[in-house]
Undergrad: 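There's a structure below that I have some questions on.
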Amino acid sequence: MTITEHIAAVRREMAEAARESGRSERDIFLVGASKMNDAAACQEAIAAGVNALGENRVQEMTAKLAQNAYDGAPLHFIGHLQRNKVRQVVGKAALIQSIGSEALLREVEKEAARQQLVQDILLEVNIGGEEAKSGFAPEETEAAAVLARELPHVRVRGLMTIPPVETVPHGNLVYFEKMHRLYVDINGKIYDNKLEYISMGMSGDFADAIRAGSNMVRVGTAIFGARDYTK
Ligand SMILES: *Cc1c(COP(=O)(O)O)cnc(C)c1O
């Protein structure tokens with residue numbers, strides 16, 4: 001199957017899950033996770049109607065930007081971001097989804113101020129409380145949201161999470177539901193219900209994520225095929 005056919009299949013599954021949760025497919029934002037796929041693949045995905053492309057690695061993103069890989073769609077940064085690479089992402093990505101520490105938040109503020117722009121971000125939550133994973137602990141997220149609201153050069157548009165690797169089918173539903181409750185709570189308490197995005201769900205679990213309230217899914221393998229890590 002081609003990328004275009006894969007996207008059509010993903011869209012059908014998204015639409016079904018959206019209907020089951022009382023929404024329409026237009027309510028769910030599809031980010032193509034294009035890591036390790038070349039500029040031509042990115043352009044095919046954009047032509048087939050992904051809402052954005054998401055990259056994980058700064059170096060790869062920079063190289064593909066120079067090849068006009070993302071022309072025609074917004075670019076999101078979705079991967080782990082080191083503080084010393086913030087300068088290469090602020091002002092390039094329409095949305096940085098992976099702001100998971102106060103230090104990183106402050107670094108983005110500083111760089112956005114330097115560039116005289118306002119950077120859209122999502123706060124990343126470590127919903128499974130995993131030791132090795134970045135992101136704010138669920139109980140820290142409210143304080144992070146309060147801090148971010150005071151920073152003039154960042155604009156929080158929502159929350160993002162990467163749950164633990166699933167060990168049984170639908171195993172992440174509990175995390176998606178917990179994340180949705182946190183999103184609703186913080187949105188109401190701190191943002192006057194003006195947050196727009198709850199980014200959760202990948203190739204293996206995006207339908208469950210949508211059923212639990214996600215409105216932004218990040219899908220790689222199901223669009224581009226398996227990634228070749230031997231290269
Ligand atoms: C790679 C990646 C995805 C997509 O993963 P698939 O399982 O290939 O769909 C989603 N989110 C992030 C942060 C990723 O790094």
Side-chain angles (χ1 to χ4, degrees), residues 1-3 5-14 17 28-38 41-42 44-46 48-62 64 69-70 73-82 85 89 93-101 104 120-128 130 132-136 157-173 175-176 179 183 197-212 214-231:
M1 282 208 324
T2 64
I3 288 170
E5 289 163 342
H6 279 141
I7 290 173
V10 167
R11 286 280 190 196
R12 279 193 296 276
E13 202 178 333
M14 286 172 62
I28 323 286
F29 198 102
L30 174 59
V31 181
S34 49
K35 57 176 172 270
M36 302 179 69
N37 287 280
D38 64 14
C42 291
E44 184 176 348
I46 291 168
V50 293
N51 300 104
L53 287 176
E55 285 294 345
N56 280 69
R57 295 188 188 88
V58 175
Q59 199 183 344
E60 180 179 345
M61 182 191 89
T62 304
K64 281 151 75 176
Y70 315 113
L75 168 62
H76 292 186
F77 191 81
I78 62 177
H80 180 67
L81 182 56
Q82 290 165 289
K85 299 214 169 128
V89 178
L95 182 69
I96 305 176
Q97 295 204 10
S98 41
I99 302 300
S101 72
L104 189 57
D120 280 355
I121 63 165
L122 303 182
L123 298 175
E124 180 175 355
V125 181
N126 182 1
I127 199 68
E130 293 170 283
K133 203 164 263 176
S134 44
F136 294 102
R157 306 293 303 272
L159 304 182
M160 179 270 230
T161 198
I162 307 170
V165 172
E166 240 171 16
T167 51
V168 293
H170 311 292
N172 279 337
L173 201 47
Y175 293 115
F176 292 141
M179 184 70 188
Y183 172 76
Y197 300 124
I198 172 170
S199 172
M200 57 184 189
M202 318 202 307
S203 290
D205 56 17
F206 67 82
D208 278 346
I210 291 169
R211 287 186 199 102
S214 169
N215 60 20
M216 180 178 275
V217 295
R218 310 174 308 269
V219 180
T221 311
I223 289 177
F224 296 103
R227 291 179 286 273
D228 182 0
Y229 286 99
T230 63
K231 277 198 242 166

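Below, each value reflects all heavy atoms present in this structure, side chains not excepted, and no hydrogens, waters or symmetry copies. Given the structure is predicted, the values throughout are model-derived calculations rather than measurements. Just so you know, ligand 1 is whichever comes first in the structure, and atom 1 is the first atom listed for that ligand.
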Undergrad: Mind checking whether His76 and Phe29 have ring centres under 6.0 Å apart?
TA: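 Yes, the ring centres sit under 6.0 Å apart.
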Undergrad: Return the protein residues near ligand 1 (heavy atom under 4.0 Å from any of its atoms), ordered by chain and residue number.
TA: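 Lining ligand 1 at under 4.0 Å, by heavy atoms, one finds Ala33, Lys35, Asn56, Ile78, Ile162, Met202, Ser203, Arg218, Val219, Gly220, Thr221, Arg227.
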Undergrad: Using side-chain heavy atoms (C-beta onward) and a distance below 4.5 Å, is Phe206 in contact with Ile28?
TA: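 A side-chain contact is absent here, since even the closest heavy-atom pair is not under 4.5 Å.
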Undergrad: Can you name the side-chain contact (heavy atoms from CB on, under 4.5 Å) partners of Asn56, sequence neighbours left out?
TA: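 Checked Asn56 against side-chain contact (heavy atoms from CB on, under 4.5 Å); matches are Lys35, Ile78.
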Undergrad: Does any part of the side chain of Tyr70, heavy atoms only, come nearer than 4.5 Å to the side chain of Lys64, both counted from C-beta?
TA: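 With C-beta onward as the side chain, the pair touches.
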Undergrad: Under 4.5 Å between any side-chain heavy atoms of Val58 and Gln82, yes or no?
TA: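 Val58 vs Gln82: side chains apart.
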Undergrad: For a 4.5 angstrom cut-off between non-hydrogen side-chain atoms, does Ile127 reach Met200?
TA: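 Not touching, per the 4.5 Å side-chain cut-off.
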